[in-house]
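FYI, side chains are in, hydrogens and waters are out, and symmetry mates aren't considered; it's all heavy atoms of this structure.
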Amino acid sequence: MIAVLAGGVGAARFLAGLVRAVPPEQVTAIVNTGDDTVLHGLHVSPDLDTVTYTLAGAVNPGTGWGLEGETFAAMDALDRYGAPTWFRLGDRDLATHLYRTGRMGSGARLSEIADEVAAAWSVPTRLIPMSDDPVRTRIELASGVEVEFQEYFVKMRHSVAVRSVRFDGAESAAPAPGVLEALSDAALVVVAPSNPVVSIGPILSIAGVSEILAGRRETVVAISPIVAGAALKGPADRLLTELGEEASVVGVARRLGPVAGTLVVDDADRDLAPEVEAAGTRCVVCPTVMRDATAARDLALEVLRVGGAA
Ligand code: FO1
């Protein structure tokens with residue numbers, strides 16, 4: 001079994017490639033829930049849904065999140081009431097949040113619901129939220145004001161300076177059933193090309209996760225989401241700089257080095273490989289930009305090879 005620590009769009013694309021390289025039943029994704037939010041009374045789990053929809057072949061290919069061919073009639077209707085509509089929930093996507101919220105109200109755990117949603121979309125890969133307990137990524141802006149993750153990411157379009165990031169609830173959150181077992185038993189653990197601060201950070205903050213990975217660091221392979229000093233998507237580059245790290249594969253290696261013995265970097269960062277190695281992390285150079293499904297599968301095959309799981 002291959003275990004993958006996963007955030008949103010980048011991780012979903014990598015997972016779609018991985019399940020073309022190995023049987024999808026042999027993959028377990030441990031998914032960030034620090035981005036979860038409550039909107040209009042509904043529990044939204046963006047990263048779980050992004051991974052599920054992508055593996056189901058139903059994701060909006062333009063955005064990488066939400067459903068393809070989505071309509072937004074409910075959002076337009078909510079506008080009439082002056083309700084906040086900056087976070088665009090599509091009409092069919094809303095059904096997922098209604099279902100999840102209803103099941104949570106009946107006492108179901110997030111991980112049970114994730115299984116049900118994946119089964120309903122005929123996704124055979126196991127998708128486990130990092131925890132069934134609430135953990136919320138909170139962003140302290142340079143102004144000192146603290147906002148919830150989606151407010152920073154979507155409402156402010158992550159174009160504001162950040163002072164610090166914390167994962168509210170992480171101290172008391174238990175890993176969801178199966179998380180620690182998957183991380184211990186996997187032939188290889190992959191850290192997907194997700195934001196190391198706000199996508200992978202919350203997963204690593206869950207009790208036991210970092211310890212297990214540190215103990216098997218030589219069979220943990222991370223893929224850099226930073227290519228040539230820039231994030232392919234989102235604010236990973238800015239956040240690394242703002243938090244005092246280099247916005248480069250070297251900065252990623254310093255962040256993830258304690259848990260990942262190998263970092264896969266893009267050809268564009270070949271010159272930085274010696275610096276990554278000097279930081280104590282083996283560096284493998286190959287094309288990492290997943291332009292299409294074939295590129296994602298080729299990246300997955302290379303990761304399996306360098307991780308000794310090919
Ligand atoms: N991202 C946006 O930039 N704008 C949106 O309106 C938005 C809505 C949305 C709805 C459902 C969903 O599952 C994801 C959505 N996202 C949106 C993406 C989401 O903010 C990010 O993918 C993650 O939280 C970061 O990984």
Side-chain angles (χ1 to χ4, degrees), residues 6-13 15-16 29 31-123 125 127 129-132 134-139 147-160 168-169 194-195 198-199 202 233-235:
V9 177
R13 289 191 176 141
L15 282 162
V31 183
N32 171 40
T33 56
D35 295 12
D36 285 19
T37 189
V38 174
L39 287 157
H40 320 294
L42 301 177
H43 184 105
V44 183
S45 294
D47 286 354
L48 273 170
D49 293 344
T50 296
V51 170
T52 306
Y53 295 162
T54 302
L55 292 179
V59 82
N60 177 337
T63 55
W65 50 265
L67 288 163
E68 184 166 24
E70 192 56 288
T71 54
F72 292 87
M75 284 292 108
D76 294 343
L78 275 166
D79 251 345
R80 181 189 296 270
Y81 302 113
T85 52
W86 50 266
F87 197 84
R88 308 291 295 160
L89 297 169
D91 295 328
R92 286 184 302 135
D93 185 35
L94 267 170
T96 306
H97 316 311
L98 285 166
Y99 177 75
R100 178 180 288 120
T101 308
R103 292 282 292 129
M104 287 174 89
S106 318
R109 289 177 279 123
L110 198 58
S111 54
E112 288 177 75
I113 305 164
D115 283 342
E116 293 164 3
V117 172
W121 285 94
S122 305
V123 170
T125 297
L127 309 179
M130 62 190 199
S131 177
D132 283 327
V135 177
R136 294 293 168 264
T137 300
R138 309 272 307 171
I139 309 286
V147 295
E148 74 141 77
F149 178 78
Q150 296 297 351
E151 218 175 323
Y152 159 73
F153 193 83
V154 175
K155 194 175 181 186
M156 300 174 172
R157 297 165 199 261
H158 48 74
S159 58
V160 278
D168 192 29
S194 297
N195 187 315
V198 292
S199 297
K233 204 171 188 313

Do the side chain of [X] and the main chain of [Y] share a donor and acceptor less than 3.5 angstrom apart?
X: Asp132; Y: Ser111; answer: yes
X: Glu151; Y: Met156; answer: no
X: Ser199; Y: Gly7; answer: no
X: Asp91; Y: Ala74; answer: yes
X: Gln150; Y: Asp35; answer: yes
X: Glu70; Y: Arg92; answer: yes

For [X] versus [Y], what's the shortest heavy-atom pair and its separation?
X: Ala114; Y: Leu127; answer: CB-O, 3.8 Å
X: Thr54; Y: Ala16; answer: CG2-CB, 4.2 Å
X: Ser131; Y: Leu110; answer: O-CD2, 3.9 Å
X: Leu98; Y: Leu42; answer: CD2-CD2, 3.7 Å
X: Trp86; Y: Val154; answer: O-CG1, 3.5 Å
X: Phe153; Y: Pro235; answer: CE1-CD, 3.5 Å

I'd like to check the side-chain hydrogen bond (donor to acceptor under 3.5 Å, both in side chains) partners of Thr125; sequence neighbours left out, ordered by chain and number. none
Hey, what do you get for [atom1] ([X]) to [atom2] ([Y]), rounding to the nearest 0.5 Å?
X: Thr96; Y: Leu67; atom1: OG1; atom2: CG; answer: 6.5 Å
X: Thr85; Y: Asp79; atom1: OG1; atom2: CG; answer: 4.0 Å
X: Thr137; Y: Asn32; atom1: OG1; atom2: CG; answer: 6.0 Å
X: His40; Y: Leu94; atom1: NE2; atom2: CG; answer: 7.5 Å
X: Phe149; Y: His158; atom1: CZ; atom2: NE2; answer: 8.0 Å

Yes or no on side-chain contact (heavy atoms from CB on, under 4.5 Å) for Thr37 and Glu148, after CA distance, side-chain angles and deciding distance? CA-CA 8 Å; Thr37 189; Glu148 74 141 77; 2.9 Å; yes
How would you list, by chain and number, every residue that makes a ring pair (Phe, Tyr, Trp, His ring centres under 6.0 Å) with His43, sequence neighbours excluded? none
Could you pull out all residues at least two apart from Ala108 that satisfy side-chain contact (heavy atoms from CB on, under 4.5 Å)? Arg103, Glu112, Ile113
Return the set of residues passing side-chain contact (heavy atoms from CB on, under 4.5 Å) with Ser122 (not counting sequence neighbours), or none when no residue passes. none
Indicate yes or no: at least one non-hydrogen side-chain atom of [X] is less than 4.5 angstrom from one of [Y].
X: Pro46; Y: Phe87; value: yes
X: Thr101; Y: Tyr99; value: no
X: Thr33; Y: Asp47; value: no
X: Met130; Y: Val31; value: no
X: Val44; Y: Val38; value: no
X: Asp36; Y: Arg136; value: yes

The salt bridge (Lys or Arg N to Asp or Glu O under 4.0 Å) partners of Arg100 (sequence neighbours excluded) come to Asp49
Worked check of side-chain contact (heavy atoms from CB on, under 4.5 Å) between Leu15 and Leu55: CA-CA 7 Å; Leu15 282 162; Leu55 292 179; 4.0 Å; yes
Qualifying ring-ring contact (aromatic ring centres under 6.0 Å, His included) pairs, either residue in residues 50-72, two or more places apart: Tyr53-Trp121
